[in-house]
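Notes for the one structure printed next.
Computed over heavy atoms, backbone and side chain alike; hydrogens, waters and symmetry mates excluded. Protein chains get the first letters and strands the later ones, always in sequence-line order, with residue 1 at the start of each.
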Amino acid sequence: MSQDSSNYANVRAFTALLQQYARYPDPVVLMYLHYTFIVHAVENDSNLHRHLLYSYGKSGMPMDALTIFWKITEPELTLWNFVIRLCAKHGENAVSFQLFIRMQVQGNLPDQYSYASILSACHFEEDLWNGKCIHAAILENTVAEDVVVLTALVNMYGECFSLDYANEAFLSMQSQDTVAWNAIITMNIHHGDCEFATLLYKTMQNKGFVPDSVTVTGILSAYANLATLNKGIQLHAQIIASSSKVNAIMITSLLNMYGKCGNISAAKRLFDGICKVDSVVWNAMISAYAQNGQGNDAIELFNQMRNEGVKPTKTTFLVVLEACTNEKAFVCGREMHLLIKQSGYETDLMVGTALLTMYGKCGFLEEAFHVFDKLTNRTVVPWNALIACYSQCTCSADAIQFFDQMLSEGLIPDKITFMNIFPVCSALATIAECMRMHSIAERIPERDDNVRAGLMSMYGKLGRIDDVKSLFYSCSCSASVSVWTALVAAWSEIGSDDNALECFNQMLVEGVLPDKVATVSIITAFANQCSLRRGLYAHACILGAQLELEIDVQNALFSMYAKCGNIDAALSMFKKISIRDAISFRVMIAIFVQLDNMDEAVHVFWQMLYEGMAPDDVTLATILTLCGSHGALSQGLKLHTCSIYMDNLDGFVIETALLSMYSCCGCLRKAWKIFETSGPKDDSIWTSMIEACAFHGEGEACVSLFGYMQQEKSIPDKSTLIKLLLACSHAGLIDEAVHAFCNFSSYHSCEMIVDHFNCMVDVFGRVGQLQEAVEMVKIMPFLPNTFSWSILLSSCRMFFDVKRGESAAASIFELEPENVATYVSLSNIYVTAGASDVGWS
DNA sequence: CGAAACTATG
C-alpha cells in the first residue's frame with residue numbers, strides 16, 4: 001500500500017472518529033484524538049482540519065479551535081463567521097474583533113451573518129462603542145434591513161445600553177419573525193419588565209407568530225419573576241398538550257417557575273419524571289428547595305446528584321451553599337468547601353463570597369475571614385458579605401474596621417455596604433460613628449431612598465428623632481414606602497406610639513401603600529408596644545393590599561397577637577396559614593416557651609418536623625430547657641434522639657441544652673454521658689456540667705471539674721464560680737471553696753462581684769464559722785447588700801448566735817426598713833436561743 | 001453533515 005492511500009484510510013478513520021466524538025464531546029478525548037492525528041501525520045489534511053475545528057468549537061475551546069483555524073489556507077466566509085461567533089460566545093470579545101478585521105484585510109466582505117456574529121461579541125456597557133461602530137458600518141451596507149442583523153442589534157443595545165434603543169431596532173424591522181420577537185421579549189425580561197414581556201407575548205400570538213421553545217422559556221421566567229403560578233401552570237399544560245419536544249432548557253425553566261412560585265411539589269413531580277444527566281436541571285431543583293426554606297432537602301438532593309455521578313458545577317456550589325447558609329448546615333458547608341477547593345473554585349469571587357457567607361451565618365467568623373483573605377481582585381461584593389457576617393455576629397468593631405480597610409483599598413461602598421454598616425453603628429451607639437458613616441454615605445453615587453431609610457433607622461434606634469425627622473423632610477420628592485416605614489419605626493422606638501400611628505395614617509392618606517417590609521415592621525412596632533388596638537388597626541389597613549397572604553406578614557401578625565396577650569387569636573391565625581415556613585414554627589414555639597406551656601411547644605415542634613421544616617438550634621435548645629424545667633424526661637429523650645439526625649445544629653448549643661435537661665430531670669449520669677462524649681468543650685458546657693453537679697449535691701465533682709476546666713485553658717466566668725461556690729457550700733467543702741475563690745480573685749479580680757462574696761459568707765456560715773463569715777462581709781470591696789446580711793442572719797439563726805444575728809438584722813433594717821422577713825428571722829433566733837425575754841419587741 | 005439573530009440553574 002502506498003503512503004498516500006494509507007494516509008487516505010487514516011483520514012477516513014479519523015473523520016469517522018470525530019463524528020462519533022460529536023455525540024459525546026469531552027475535551028480530554030478530543031485532545032487525545034488530536035495528538036493521535038499528529039503522530040500519524042494525517043494532521044495536515046484540510047478536511048480533517050474542518051472536523052477538528054468544529055469539534056473544538058463544540059467542546060467550548062475557542063483558542064484550540066483558532067489554532068486549527070490558522071492552519072487552514074484561505075478559509076471561506078462561513079468558517080470566518082464560525083470562529084468569530086465561537087470567540088464571542090466564550091467571552092473572547094477582543095479576539096472576535098481582531099478576526100473580524102483580519103477577515104476583511106484578507107479580502108472577505110462581511111455578510112449579514114458576519115455582522116450578526118460580531119454584534120454578539122458586544123455584551124457589556126464598555127462594548128457599546130464597538131457596537132455602535134458596527135451599527136454604523138451596517139447602515140452603509142445592503143444588509144441594513146436584514147432581520148437577522150436587526151435582531152442582533154436588538155440584543156446588542158439591550159445588553160450594552162438601553163431597552164429604548166433595543167425597542168427602536170426592533171421597530172425598525174420591516175417584518176419581524178419569531179426569533180426577533182423572542183429577542184425583544186427576553187430583553188424586557190432581563191431588564192426586569194416582565195409584565196411588558198407577557199404583553200409582547202400576547203401581541204406576538206395575535207399577529208400570528210407561533211411561540212417556539214425559546215419563547216416559552218422566556219415567558220416561563222417572566223412568570224417565575226412575577227410569581228404568577230396559575231399562568232405558569234397554564235403554560236405548562238399547553239406545552240404538554242402541544243406534545244412538542246420538551247428540551248432540558250424548558251424543563252429547567254419550568255422547575256425554576258415552580259420553585260419561584262413556591263410550588264415545590266409540582267417541581268419535584270416534574271423533576272422525578274425526567275432524565276437527569278445534565279447538572280443544570282439538578283441545580284434548578286436544588287435551588288428551588290433552597291429558595292423555599294427546604295435547605296435539608298436541597299442538601300439531600302445534592303448528595304443524590306453526586307451518587308448518580310453528575311458533576312457539580314459552579315452553580316451547583318452556589319445553590320448548595322445557599323441551602324447550607326439558610327439551614328446553618330455547617331457540617332455540609334464544610335464538606336462543600338472541600339469539594340470547592342478540589343474543583344479550583346475557592347478563589348472564584350462568587351463562590352468565595354457564598355462560602356464566606358455560609359461560614360459567617362454559621363457563626364464561624366475565622367473561617368469566613370480565611371476564605372475572604374484568599375480572594376484576589378476583590379470587588380465590593382465580598383467586602384459587603386464579610387462586613388455583613390461580622391455585623392450579624394455583633395462584632396461591631398471588626399465590621400467598622402473592615403469597612404475602613406475597604407475604603408483604604410480604594411473601593412467605593414455601595415448601598416448594600418451601608419445597609420450592613422448602619423445597624424452596626426446603632427449597635428455601637430456611638431453618635432460620632434453614626435455621623436461619620438452618614439457623611440460618607442452622602443457622597444456615594446447610588447444613594448437612594450433605601451440608604452436614607454437605613455440612616456433614619458440608625459438614628460431612630462439611638463432615639464434621635466430630630467435627626468430622623470430632618471432626614472425625612474429633606475426628601476426632595478414624595479417619600480417612598482421605605483422612608484415612611486423608617487419614620488414610623490423611629491417614633492415607635494422612642495415609645496411614642498401615637499406619633500407612630502399618626503405617621504402610618506399619614507402615609508396611607510398620601511396614597512403610599514405599605515409593602516411587605518413596611519407592614520411587617522409596623523406590625524412588629526405595635527406588637528413590641530403590646531398595643532393590640534393599634535395592631536388590629538394595622539391588620540385592618542393591610543387587608544385590601546393583598547399582603548395578608550405574604551408569609552412574613554402572617555408571621556408578624558400572629559406574633560403580634562401573641563405579644564399583645566391574645567394567644568387564642570395567635571394560635572388560630574397560625575393554624576390558618578396555608579403554607580407555613582420554618583419561621584412560623586419557630587415563632588409559635590417561642591410563644592409557647594415564653595408561656596411556659598411545654599405540651600403545646602413540643603406539639604408545635606413535632607408538627608414542624610412533620611411538615612418537613614428544620615428547627616434551628618436555638619429553638620431546640622429552648623424546648624429542651626423547657627422540658628428540663630418541667631422534669632419531662634420522656635419528651636427530652638425523644639428530642640435527644642431526633643437531634644442526632646439533624647446535622648444543621650450547633651453541637652455546643654444542643655449538647656449544653658441536653659446536659660441541663662438531663663440534669664434537671666434528675667439523670668445526672670446521662671448528663672455526664674453527654675459531657676464526656678462531647679468533643680472539645682467550650683465554657684458554657686463546662687459551666688453547665690458544674691451546675692449539674694451542684695444541683696445534685698456533688699460538691700467534690702464540681703471542684704474537680706473546675707480544676708480540669710482551668711487545665712484545659714477554658715476560663716471560668718463569674719457565673720461558673722458562683723455555681724461552684726454554691727455547690728461547695730451545700731457540700732461543706734470549705735477549703736475547696738476558699739481555694740477556688742482565692743484563685744479566681746487573683747486572676748480575674750476585676751470580674752469579682754458581690755455575689756461571690758455572699759457565696760463565701762454562706763460557705764462559712766453554713767458550717768458555723770461565723771467569725772469568718774462576718775470577716776467576709778467586712779472585707780468585700782463592695783457595699784454589702786441585703787443578701788449579704790440575710791445569709792449571715794440565717795447562719796446565726798442556725799447556730800443560735802444572737803449577738804451577730806442582731807447586728808446583721810440591724811444592717812438589713814438600715815438598707816430595707818420594711819423587710820418583714822428580717823423580723824421573722826430575728827424573732828426565730830430569739831425563740832431558738834431561748835432568749836425571747838431580752839426585751840425586744 | 002456542519003454557518004446566523006433569540007433559550008435554563010447563580
Side-chain angles (χ1 to χ4, degrees), chain A residues 15-16 18-19 22-23 47 50-55 57-58 75-86 88-89 110-120 143 146-156 158-159 166 169-170 173 176-190 204 209 211-222 224 246-257 259-260 267 271 278-291 298 305 312-323 345 348-351 353-354 381:
Chain A
T15 309
L18 277 174
Q19 278 166 7
R23 291 163 64 189
N47 203 19
R50 282 173 172 71
H51 285 299
L52 263 178
L53 176 58
Y54 286 126
S55 296
K58 274 204 186 85
E76 57 271 41
L77 194 56
T78 56
L79 274 190
W80 280 106
N81 291 346
F82 179 79
V83 285
I84 290 171
R85 166 91 193 117
L86 184 66
K89 206 157 112 188
D111 63 0
Q112 67 268 44
Y113 305 127
S114 319
Y115 284 118
S117 302
I118 194 62
L119 280 172
S120 71
V143 301
D146 187 279
V147 65
V148 172
V149 173
L150 285 167
T151 305
L153 268 176
V154 168
N155 212 38
M156 185 278 289
E159 282 191 346
F170 179 73
M173 291 176 198
Q176 289 93 350
D177 64 2
T178 299
V179 179
W181 279 100
N182 291 346
I184 196 68
I185 287 172
T186 46
M187 254 329 130
N188 274 281
I189 295 168
H190 286 175
M204 148 184 197
F209 293 96
D212 63 5
S213 69
V214 178
T215 329
V216 169
T217 313
I219 293 303
L220 280 173
S221 65
V246 180
N247 62 24
I249 296 180
M250 276 162 88
I251 299 278
T252 310
S253 303
L254 279 165
L255 289 174
N256 180 43
M257 182 276 292
K260 292 254 163 64
F271 181 77
D278 188 356
S279 74
V280 182
V281 288
W282 287 92
N283 297 345
M285 190 64 224
I286 294 172
S287 166
Y289 276 134
Q291 287 177 12
M305 171 181 176
T313 62
K314 179 177 155 175
T315 306
T316 317
F317 295 135
L318 291 171
V319 293
V320 178
L321 281 174
E322 186 190 348
Y345 277 117
D348 177 276
L349 276 189
M350 277 174 98
V351 177
T353 304
V381 180

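Straight-line distance from the CD1 atom of A:Ile185 to the P atom of B:dA5: 18 Å, rounded to whole Å. In this entry the distance linking CG of A:Leu86 with P of B:dA4 reads 10 Å, nearest Å. The interatomic distance linking A:Ile189 (CD1) with B:dT9 (P) rounds to 10 Å, in whole Å. Whole-Å rounding puts the A:Ile118 CD1 to B:dA5 P distance at 12 Å. Straight-line distance from the CG atom of A:Asp348 to the P atom of B:dG10: 15 Å, rounded to whole Å. At whole-Å resolution of the value, CE in A:Met187 and C1' in B:dT7 are 12 Å apart. If you measure from atom CG of A:Asn182 to atom C1' of B:dA8, you get 14 Å, rounded to the nearest angstrom. Note: NZ (A:Lys314) to C1' (B:dA8) measures 16 Å, nearest angstrom.
In this structure, A:Gln291 reaches the B:dG10 phosphate: one of its side-chain N or O atoms is under 4.0 Å from OP1 or OP2. Between A:Ser287 and B:dG10 there is a side-chain N or O to OP1 or OP2 distance below 4.0 Å.
Listed in residue order, the members of residues 248-257 of chain A having a heavy atom less than 4.0 Å from DNA chain B are A:Ile249, A:Thr252, A:Ser253, A:Asn256.
In this model, a donor atom of one side chain and an acceptor atom of the other lie less than 3.5 Å apart for A:Thr316 and A:Thr313.
In this structure, the nucleotide among B:dA5, B:dA8, B:dG10 sitting nearest to the side chain of A:Leu318 is B:dG10. Set against B:dT7, B:dA5, B:dC6, the side chain of A:Asn247 has B:dT7 as its closest nucleotide. Of all nucleotides listed (B:dG10, B:dT7, B:dA5), B:dT7 comes nearest to the side chain of A:Val214. Distances were taken from every side-chain heavy atom of A:Ala284 (C-beta onward) to each of B:dT9, B:dT7, B:dA4; the shortest belongs to B:dT9. Closest to the A:Asn283 side chain, of the nucleotides B:dT7, B:dA5, B:dT9, is B:dT9. Listed candidates were B:dA8, B:dC6, B:dA5. Nearest to the side chain of A:His190 is B:dA8.
Applying the side-chain contact (heavy atoms from CB on, under 4.5 Å) criterion to A:Ser287, with sequence neighbours excluded, gives A:Gln291, A:Val319. Partners of A:Leu349 according to the side-chain contact (heavy atoms from CB on, under 4.5 Å) rule, which considers only residues two or more places apart in sequence or in another chain, are A:Leu375, A:Thr379, A:Pro382. Take A:Thr78 and apply the side-chain contact (heavy atoms from CB on, under 4.5 Å) test, not counting sequence neighbours, and it matches A:Glu76. Scanning for side-chain contact (heavy atoms from CB on, under 4.5 Å) contacts around A:Tyr54 gives A:Leu79, A:Phe82, with sequence neighbours left out.
Residues A:Ile185 and A:Thr215 form a side-chain contact, since some pair of their non-hydrogen atoms from C-beta on lies under 4.5 Å apart. The side-chain heavy atoms of A:Ile249 and A:Ser213, taken from C-beta on, include no pair separated by under 4.5 Å.
Counting non-hydrogen atoms under 4.0 angstrom, A:Asn155 reaches the backbone sugars and phosphates but no base. A:Val319 comes within 4.0 angstrom of the backbone, heavy atoms only, and of no base. Residue-level contact check: A:Asp146 touches neither bases nor backbone, having no heavy atom under 4.0 Å from any strand.
For residues 246-256 of chain A, every residue pair satisfying the side-chain hydrogen bond (donor to acceptor under 3.5 Å, both in side chains) rule, not counting sequence neighbours, is listed here: A:Asn256-A:Lys260.
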